[in-house]
Amino acid sequence: MKKDIILTGDRPTGHLHLGHYVGSLKNRVKLQNEGNYDKMYVFIADCQALTDNYDNPDKVRENLREVVLDYLAVGLDPKKVIIFVQSMIPELAEYTFYFMNLVTVSRLMRNPTVKQEMIQKGMEESIPSGFLNYPVSQAADITLFNTTLVPAGIDQEPMIEQTNEIVRKFNSLYGETLNECRILLPDNSICARLPGLDGNAKMSKSLGNCIYLSDSEEELKKKVMSMYTDPNHIKVEDPGCIEGNTVFTYLDAFCKDEHFPKYLSEYQNLNELKSHYQRGGLGDVKIKKFLFNILNEELKPIRERREELSKNMEYIDKVLIEGTEKAREVAKENMKKFKKALRIDYFD
Ligand code: ATP
Ligand code: MG
């Protein structure tokens with residue numbers, strides 16, 4: 001069986017958060033370390049970030065290197081993974097341009113992730129065509145590198161569907177050229193769309209409801225302590241609700257049996273803790289402290305590595321420059337086949 005070509009990216013609209021971590025980064029590091037792939041690319045989607053931040057280019061610029069710091073801090077290794085900058089691969093813009101012929105505006109308007117983001121960003125009345133078109137530019141990101149596997153959160157499912165539609169249309173019109181891809185979601189469905197601290201459906205940089213991988217221990221504690229629980233659980237004795245209680249949602253995502261002897265030895269497992277909360281007699285502070293300890297255990301080494309890496313930003317630049325050079329070589333090569341299929345390879 002042919003080995004996968006893996007590709008995924010992140011928008012440099014802020015530092016990376018816990019949603020990125022459980023939704024995609026963990027799977028990327030796992031795939032990288034298993035080593036059973038043909039090529040693996042991770043890129044900073046600065047062009048896509050500009051589609052809704054065109055009025056604030058400095059924000060995008062400032063976050064470019066921060067995202068790379070997050071990558072290396074969680075364990076992505078530039079020796080095994082090609083890390084590149086989207087805007088430095090002009091072939092991506094070319095692919096996007098020709099793909100736009102294969103997609104209707106109404107099809108783009110039906111994309112559920114875009115629909116939701118339009119509401120969130122107040123773009124329902126008037127949407128910049130660049131933003132509406134970003135799923136097409138994602139199809140270019142994926143197909144230019146012959147990607148077969150995309151480790152991502154569930155919000156990316158409509159993008160993969162859209163990409164495969166474009167691939168099928170392209171191939172049927174111009175001959176078998178591009179390949180379809182599949183998404184790799186996290187095993188735990190909560191991790192495929194981790195809710196925000198405020199209980200909002202998705203932790204997202206744009207919604208300001210995030211725990212960042214770069215948050216200090218104090219910031220992490222403050223955020224966990226302010227988390228949304230059950231508004232009717234006022235006194236410790238009151239029975240509490242675990243559905244829609246963000247602390248329990250996060251425990252479902254992060255807690256393992258081995259955490260109990262270390263941090264909350266009165267209980268054996270999460271089910272026992274949940275039943276006690278539901279019966280009444282278990283306070284929010286206690287469960288929040290437990291969650292804080294679990295998260296801190298996971299985030300502390302990441303935070304420390306990030307701090308260390310940030311002392312040498314020249315190295316970060318080197319990673320980006322070298323990664324982009326490698327990606328560009330592949331892009332140039334694959335572009336030839338693409339142009340040939342489109343009959344625009346006039347003088348080759
Ligand atoms: P923005 O608000 O700028 O769109 P974001 O927080 O949504 O930022 P992206 O850069 O759009 O982050 O997402 C990058 C990757 O991380 C995608 O694969 C996406 O599915 C995944 N991801 C982002 N947020 C979450 C989340 N809350 N849960 C699971 N996966 C997530
Ligand atoms: Mg997003």
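In this chain, numbering begins with 1 at the start of the sequence shown. Every number for a ligand or one of its atoms is a count from 1 in the order of the listing.
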Is the number of heavy atoms from other residues, nucleotides or ligands under 6.0 Å of Arg61 CZ greater than 12? no

Any donor-acceptor pair under 3.5 Å linking the side-chain atoms of Gln86 with those of Asp141? yes

The answer for which part of Cys191 has a heavy atom under 4.0 Å from ligand 1 is backbone

Would you please test Phe254 and Tyr21 for ring pair (Phe, Tyr, Trp, His ring centres under 6.0 Å) and show each step? CA-CA 11 Å; Phe254 292 95; Tyr21 183 60; 7.3 Å; no

Whether the side chain of Ser24 engages the backbone of Pro151 through a donor-acceptor N/O pair (distance < 3.5 Å, no angle test) should be reported. yes

Purely on distance, is any nitrogen or oxygen of Met203 under 3.5 Å from one on ligand 1? yes

Numbered in order shown, the ligand 1 atoms found under 4.0 Å of a heavy atom of Gly23 are 29 (C), 30 (N)

Which residue holds the protein heavy atom closest to atom 22 (N) of ligand 1, what is that atom called, and what is the gap in Å? His20 CD2, 4.0 Å

Do Asn293 and His259 have side-chain N/O donor and acceptor atoms under 3.5 Å apart? no

Does the side chain of Gln138 pick up a donor-acceptor pair with the side chain of Gln156 at under 3.5 Å? yes

Look only at interatomic distance and state if Glu117 has a nitrogen or oxygen under 3.5 Å from any nitrogen or oxygen of ligand 1. no

Close-contact set for ligand 1 against Gly153 heavy atoms, below 4.0 Å: 18 (O), 19 (C), 20 (O), 30 (N)

A student checking ligand 1 against Thr13 at a 4.0 Å heavy-atom cut-off should list atoms 1 (P), 3 (O), 8 (O)

Return yes if a side-chain donor-acceptor contact under 3.5 Å exists between Asp155 and Thr113, otherwise no. no

Using a 4.0 Å heavy-atom cut-off, say whether Ala192 meets ligand 1 through its side chain, its backbone, both or neither. backbone

When distances are taken from atom 8 (O) of ligand 1, the protein heavy atom at minimum range is Lys205 CE, 2.9 Å

Does the gap between the ring centers of Phe170 and Phe338 come in under 6.0 Å? yes

Given ring pair (Phe, Tyr, Trp, His ring centres under 6.0 Å), test Phe84 with Phe145 step by step and report yes or no. CA-CA 12 Å; Phe84 71 89; Phe145 295 96; 5.1 Å; yes

Ser206 versus ligand 1: do any nitrogen or oxygen atoms come within less than 3.5 Å of each other? yes

Please write down residue, atom name and distance for the protein heavy atom closest to atom 20 (O) of ligand 1. Asp155 OD1, 2.4 Å

Which residue supplies the protein heavy atom nearest to atom 24 (N) of ligand 1, what is that atom called, and how far is it? Lys202 NZ, 3.2 Å

Among non-hydrogen protein atoms, atom 26 (C) of ligand 1 lies closest to Gly19 CA, 3.5 Å

Just to confirm my output: which protein heavy-atom neighbour is closest to atom 28 (N) of ligand 1, and how far is it? Leu194 N, 2.9 Å

Tell me, which protein residue and heavy-atom name are nearest atom 6 (O) of ligand 1, and how many Å apart are they? His17 NE2, 2.8 Å

Going through the distances and angles, do Leu282 and Ile287 end up as a side chain to side chain contact (heavy atoms under 4.5 Å, CB included)? CA-CA 8 Å; Leu282 176 57; Ile287 55 165; 3.9 Å; yes

Quick test: of every protein heavy atom, which one is nearest to atom 17 (C) of ligand 1, and how far off is it to 0.1 Å? Gln156 CG, 4.0 Å

Nearest heavy atom to atom 11 (O) of ligand 1 wins, so pick from Arg11, Gln48, Glu157, Gln120. Arg11

Can you tell me if Asp10 and Tyr71 form a side-chain donor-acceptor pair at under 3.5 Å? yes

Under 4.0 Å, heavy-atom basis, I'd like to know which part of Asp10 is in contact with ligand 1: side chain, backbone, both or neither. both

